[in-house]
Structure formats: C-alpha cells, structure tokens
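Worth knowing before you read on, the calculation uses all heavy atoms, side chains too, and leaves out hydrogens, waters and symmetry mates.
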Amino acid sequence: MKWYFIIFLNVLILSTKAQKVGLVLSGGGAKGIAHIGVIKALEENGIPIDYITGTSMGAIIGALYAVGYSPSEMEAIVTSPDFQNWAFGKIPDDYIFFFKKKEADASWIDLKFNFDTTLSASLPTNIIPPHPMDLAFLQLTAQASARAQYNFDSLFIPFRCVASDVYANEAIVFSEGDLGSSVRASMTFPFYFKPITIKGRLLFDGGIYNNFPIDVMIQHFKPDYIIGSAVSSNTLPPTEDNLMLQLENMIVSNSNYEVPDSNGILIKPDVRLVKLMDFHMAKELIQIGYGAATAQMNHIKRLIPVRQDTSELNKKRKEFRQSFKPLNFKNIYVSGLTYKQSLYLLKNFMYKKDTITFETFKKEYYKIIADDHIESIFPRAKYNEYTGFFNLFLNVKREKPFKARIGGIVSSDNLNGGFLGAEYKYLRKSAYSLYSNIYFGKFYSSLYGRLRIDNMIPFSFYWNIFASLNRYDYYRGSSFIFYEDKRPLYIFKGEMNVGTDIGLPIKNQAKFSTGLYVFDFDYSYYQTIHFSVKDTADITYYSGISPFICYERNSLNNYNLPTNGHKLKILIQYFNGTEEYKPGSTSHHQTNIKQHHSWIYTLLETNDFFKISRKQSLNCQLKIAYSTRILFSNYMSTKLISPSYSPSLHSQSIYSDQLRNPSFIGGGLSWLFHFTENIHFQLASFHFIPYEPILKNDNHLYVKSNNFGIYRTFAAATLFFTNPVANISLSLNYYPWNPNKIFGQFNIGFLIFNRSAHP
C-alpha cells in the first residue's frame, strides 16, 4: 500500500505542476495600462502566467511581459516622458532635426498629387504620427524576437496578438514573425494611427473583430485556467450628435468578454471615466488594475492551486534577457524607393560606417523623417546569424511629388487674407524642391519663390535660391475689435528681396547659414497726422546688398503660439546701400535727398519654456538688437527701417512707433495654463527699452542720445486652441501709451510673413 500511495502522490504532484494558466488582455487605449497592475498583483501572489493573448493595448502590455519586462519595468516605461511621446507621435526635443524643418507658411491643408494628377486625400489619414511608436516597438522587441527565433512560443512567455484585415473582413492571429510589427498592427485604431502592411495585407486594430481574444487563448494554448483582464465593453448605441460613437459602432464589432466559470475568472478594473488617450493617468490606471486584481485574489487562489516562486521567476527573466544580442546593425535594406533615391537616404545611415548602433540609427531615423521628401519609414530588424548583427529593413514611402497648399488668416481685425502655395519635389541622389506661394489681403500681400537643393555627401548641406515681393499696408490694417483707433495713419512698406544662402546642420536642433540678399525697400508715409486725400506722401527708397551669417536652434512646437520647446537665434547682418528720399506735400523739406548708408546689425533672440506641472508652464523670451547704423533723412524713415519688438501675435500686426529702434532690449514672461493638449491660456507681460533712442523735435528732425530711452511695458491675455489644421485664438492686448489702451483680437489661422532682408 505504501508504494501505491507514493505513486499516487507523485502523479498528483506531476499533474499539479503540469497545470497552466493563460492571461487574456483586452484592448481599450489608455485604459489598457491597468493590465500592468493586474499582472503586478498576480506576480506578487505567486500566480503563474504561462500564456498571454492580447489585443491593441492588451497586445502592447502582453508583449512587454512576454519578452521579459517585469511589472515594475513596465510601469517605468508607461510613466516615462518617452511613452507620452510614443502615444501622441511627438519627436523628443533632442531628436528634432531643425535643419530639415520646412519653411513656415500659413497653410491649413495640403492637397497632394501624383504624376497622373490624381488627387489624394486632402486631410491626413491618421491623427497621430506613428514614427516614435514604430521606433519604440523595434527597440523594445527586436532582441527578444531574435532570441525566440521569431517564434512567439519561444518568447519568455508564449504569446499571441490579434489584428484585423478589413478587406478580408477577418481577424488575423500572429504566432510568429517580427513581434514589433505584429503588436504595431494590433494597436492601429483607424484614424488615430497609420495602418501597416504585413505579407501584403493592410492591417488595423485587432479590436475591430476581436477585442478580447479568449478564443485565441483556448484554441492555441488550451490552458487549465484562464484569467481575463477586460478594460473595455461593447460600444453603446450611437446617438445623432456623437460622431465618434457612430464611427466606433461602424468600425468595432461586438466581442465576447466572458470567461468560463469552471476554470476562469474575469477581472474588470473600473476605468469607465478614463478616455481613449488619457495616457497621462498611467500611475492611477496601474493602481486601479492592481486594486481590482487584489480584490479578487482570494477567489483566484482558490481556483488556481499552482504557485510561481517570484525569485525563481526573476532569475529566469534575467537569464532570458541576458541572452539577447546587442541591437547593432550592419546591412540596411530599403524598399519603396528606386536605387538612386535609396542612396540619398542611406548616405545618412552608413556613410563611412560598417556598423551602427541603435542610438545612431535613432538619430538618423528622425533626420530622415524630418525630410519633406519622405512621408514615412517603417523600420524592422532581423538578426543575421552569419554576420552576428541585425539586418535593418526600412519600408519607405515617398511624399507625393506635387503639393498644393491652402490657408490664410480670418481675423476680427483687417488682417484677413488668403494663402495659396505650390511645391514640386524631385528625389534622386540629391533632393530638389521648387516652391512658390502667394499671400493676398488688406494688411499683407506677397509673392515668393524658392529652389532648394539638399545634398548629404561628403557632409549635409542645403542651397537656396529665392525671391520675394512683400507689401504691408498699415493704414488698412489699423482697425480693432471693441475700439476703433481713429488716429490717422498711413504707412505703406514694400520690399523686393532676391538672395541665396547655404545651410549646414549643427547636431540635431541647430543650423548655421550664410548668404546674401539683394534688396529694394520702399516706404510711403506722412510725417504728420494732419493730411487729406489731396496730399501726397513722403517716399523713402533704400536699395543695396546684405550678406549675413546666422546660427539658430529651434524646437518650438508652433510658429505663432508655441507651448513647448526652445529657440536661440544669433544673427550678424551687414547692410550696404543707397537711400533716396522724395518729400511729399506735407513735408517740411521739399528737396530730394540721396545718401549712402552702411551698417552692421546684430540680433540675439531666445525663447524657452519651463514646465512647472502637467497643467502649467513658464515662458521666457529675450530679444536684443544692436545696430551701428547712422540716421536716415527723417524721423519716420529712420523708425521704419529699424527693427521692431513684436513678441505677441497682435503686436506683429500693428505699427507701433514706441516699439521700434535701431538698438533695444526686449523681454517677455508668460504663464501658461494647459487645459488639454490643445487648449491653452496665456498671461504675458512684455518689456521694451531702446538704446540710443531716436528722438524728434517740433520740426520732425531727429536727435540721437547716448543712453537708454523710455522703458515701455505692455501685456496680453490669450486663450487659444492649437490643432493640425489652424490655430484659433482670442486675445486682449494692453498698450498703456495708446489712448484706447486695450484691444481685442480674434484669429483663425496663421500670421506668417515670407523671407525678407529687413532687420
């Protein structure tokens, strides 16, 4: 009997050890971060996880655990700033390649054309740029994929994830191949993220057909016990005024969120108030998942008799990850481009290099993404046993060669104007871009054309040839909402600029440029406020040449209304030209004047944002201008050729005599409140003091003093909404020296000017 008892006991022990536990993780966007808390509670209580299946966010969390990341490591990942960048498609400041940043213009939408002139979709097919996330999946999973020899059963924990083929109307289950690509396909919710193609099939979010893959768990792994973590439920019935709910009902099929009572348990973290993109709540979501699992732990322990020793699990996890091969690349294969176009791209990666590290690839990857000849690059890595390095596969999609741009500004002031632009791109071993635009409006109108050539060997540089015609009519642009400025004002400024420049990158965020302008400025104005329609204006011409050198760093996230980033600009510019003055009928001087002027103009400009909390930040601006210029023929012409301090959107749209001088110091301090990612409120105070100010006497002559002038301060309060199409802003602007003092302005769009030699 003793022997029978021993045999029975051994069989019982062996059968207990053979029992396996499967974990099923649902999709749900940011809500899926709660799965980390569930896994953390299971680990702490010794509940083994032998298999994992997941969809969308559940696929991401499941894949991280399957490749050997511990719950604490996963928590560190999802609470890091990097994860926020991945989720919202933001390129980290250190990797923004300013050298390739496209010229700012007032465009709202781009219309792209192929050679056959077929119009593509005028709006983006995805809201969130995928590049940071694509790179992150490669970094987090490539080594584990190689370690498992691209068989998901050989990962640290066997794993499956689900994607959707909407053309074939079916769910796709991934059990092998590149893990990063599989997870990327699984989480591609339509309109938010760009779909990817795997083996000729365009794939979207797995939640479209199977948001809780318990059937995959049963069919592929047949576990003895199943633990489900569901943070989603089937969609609510659509309503007439909820477009997103209507789309969700059309896109997402109902899923089965039930677990068999006999051998399973369902954990449902309470995340009902969490939105799809609330990734900033990562810590709270992990705690919610941990609490939900802990609340059912007694039930789980009664259901599942087997236990996993935590120290032994950590030891195995460490051994698995220590066997990873270094993520270094030797061979790069490009698809989607011709041979010559591929050479343009590969110059960045492999010039005089046999191998590159992941960090080097990351820097070069973001450089290429910044190139407006390239629409997207999907990276994939596969280990090569023969070379001992990873091969890098880049699936590249070119931007369409023809692009039309439409935009402008709609304003409560007379800033209203339209914008039309057109661009043609040609890519071979070098990149060519031919661009032109037109602005038309009462306040500002312009014509601009530019040819840019980019080359990469033996070093990166661009060469520009450009020409612009600009016109500013401050008379037409002088009315305001709430108040009407009734002071007579007639100032017309015209510019002709032709020039060329060469630019060189300095690391990622900076560039050095040098070039030459040939310019012709003309100003039409009155030197008195007492004039009639019969009077003729004074006219000043100034034409000549202006070579310059410039160093600039810029990672600001918006041209008119930035909320993040930094800017540093150092400019040295030399002017050499001839002034011609023709007096009008109201001038005290009735003789023409012609004289030569040359001077050096220097500029130092900074703009930095400092984060105080998630909802608040501080902005500091500084602008220092210094000029060696002598005075022009009269006070007004001297002021008009002088640089201005116009740090706010409203101050850029008006002529303010008090904020112009050849040399000055200007600074601003702003307090920003961030209600959401796109809605902000800014309180700003600005300060201006001229150096060696230009003065005038009763005869409208000028006097140049040798010290600082009158200190000026002004302020602005702005509520604004930034989005991929156009800024929307409402501001109150306070100028204490103006009789009306307060001016309001409402704008939709962008106030941007074409290139000019004007200081």
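In this structure, the separation between CD1 on I33 and CE on M281 is 9.5 Å, given to the nearest 0.5 Å. Annotation: the span from K20 atom NZ to D50 atom CG amounts to 4.5 Å, rounded to 0.5 Å. The distance from the NZ atom of K340 to the NZ atom of K429 is 6.5 Å, given to the nearest 0.5 Å. Note: L434 CG to F402 CZ = 10.0 Å, rounded to the nearest 0.5 Å. Here the CZ-OG1 distance, from R160 to T53, works out to 9.5 Å after rounding to the nearest 0.5 Å. One finds the CZ atom of R201 at 13.0 Å from the CD1 atom of I196 (value rounded to the nearest 0.5 Å).
R452 and S433 share no donor-acceptor pair across their side chains, judged by distance under 3.5 Å alone. Side chains of Y462 and K511: a donor on one and an acceptor on the other come within 3.5 Å. Donor-acceptor pairing under 3.5 Å is lacking for the side chains of N384 and N331. For the 3.5 Å distance criterion, the side chains of S311 and D309 qualify, holding a donor opposite an acceptor. Counting only N and O atoms by type, the side chains of D454 and Y432 include no donor and acceptor under 3.5 Å apart. For the residue pair Y69 / E75, no side-chain donor-acceptor distance below 3.5 Å is found, with atom types taken as modelled.
Ring-plane geometry between F83 and W86 is classed as perpendicular, the angle between the planes exceeding 60 degrees on a 0 to 90 degree scale with a lower cut at 30. Between H131 and Y365, the two ring planes are perpendicular [angle over 60°; tilted spans 30° to 60°]. Relative orientation of the F88 and F279 rings is perpendicular, given thresholds of 30° and 60° on the angle between their planes. Using a 30° and 60° split on the angle between ring planes, F390 and Y383 fall in the perpendicular class, above 60°.
Looking only at distances, a side-chain donor or acceptor of S186 sits under 3.5 Å from a matching main-chain atom of S56. Although no hydrogens or angles enter the test, the distance criterion places no donor-acceptor pair under 3.5 Å between the side chain of T188 and the main chain of P195. Judged by distance alone, with hydrogens and angles left aside, the side-chain atoms of S164 form no donor-acceptor pair with the main-chain N or O of V166 at under 3.5 Å. Judged by distance alone, with hydrogens and angles left aside, the side-chain atoms of S70 form a donor-acceptor pair with the main-chain N or O of E73 at under 3.5 Å. Judged by distance alone, with hydrogens and angles left aside, the side-chain atoms of S107 form no donor-acceptor pair with the main-chain N or O of R405 at under 3.5 Å. Side-chain N or O atoms of N45 include none that pairs as donor or acceptor with a backbone N or O of I47 at under 3.5 Å. Within the 3.5 Å criterion, the main-chain N or O of G200 finds no donor-acceptor partner in the side chain of T197. The closest donor-acceptor contact from the side chain of K222 to the backbone of Q219 lies under 3.5 Å. The backbone N or O of I304 sits less than 3.5 Å from a side-chain atom of R307, completing a donor-acceptor pair. Side-chain atoms of Q509 never come within 3.5 Å of backbone atoms of I96 as a donor-acceptor pair (strictly under, hydrogens ignored).
V24 approaches I214 most closely through the heavy-atom pair CG1-N, 3.8 Å. When all heavy atoms are compared, the tightest approach of G503 to F99 is O-CE1, 3.3 Å.
Residues L203 and F174 are in side-chain contact: their nearest non-hydrogen atoms beyond the backbone lie under 4.5 Å apart. Between L568 and Y551 there is a side-chain heavy-atom pair separated by less than 4.5 Å. Using a 4.5 Å cut-off on side-chain heavy atoms (C-beta onward), N169 and Y209 make contact. Side-chain contact between I218 and I226: present, with at least one pair of heavy atoms (C-beta onward) separated by less than 4.5 Å. The closest side-chain heavy-atom distance from L140 to L64 is below 4.5 Å.
If you run side chain to side chain contact (heavy atoms under 4.5 Å, CB included) between Y344 and each of L427, N455, I374, only L427 comes through.
A cation-pi arrangement, defined by a distance under 6.0 Å to the six-membered ring centre and an angle within 45 degrees of its axis, is absent between R184 and F137.
Taking a 6.0 Å sphere around NZ of K363, one finds it holds 12 or fewer heavy atoms contributed by other residues, nucleotides or ligands. Remark: Q149 CD is loosely packed, at most 12 non-hydrogen atoms of other residues, nucleotides or ligands lying under 6.0 Å away. Heavy-atom contacts from other residues, nucleotides or ligands closer than 6.0 Å to NZ of K101 number more than 12.
Residue pairs meeting the ring-ring contact (aromatic ring centres under 6.0 Å, His included) criterion with at least one member in residues 27-52, sequence neighbours excluded, are Y51-F221.
Aromatic ring centroids of F393 and Y333 lie under 6.0 Å apart. Aromatic pair F361/F329: centroids less than 6.0 angstrom apart. A ring-centre distance under 6.0 Å is found for F320 and F156.
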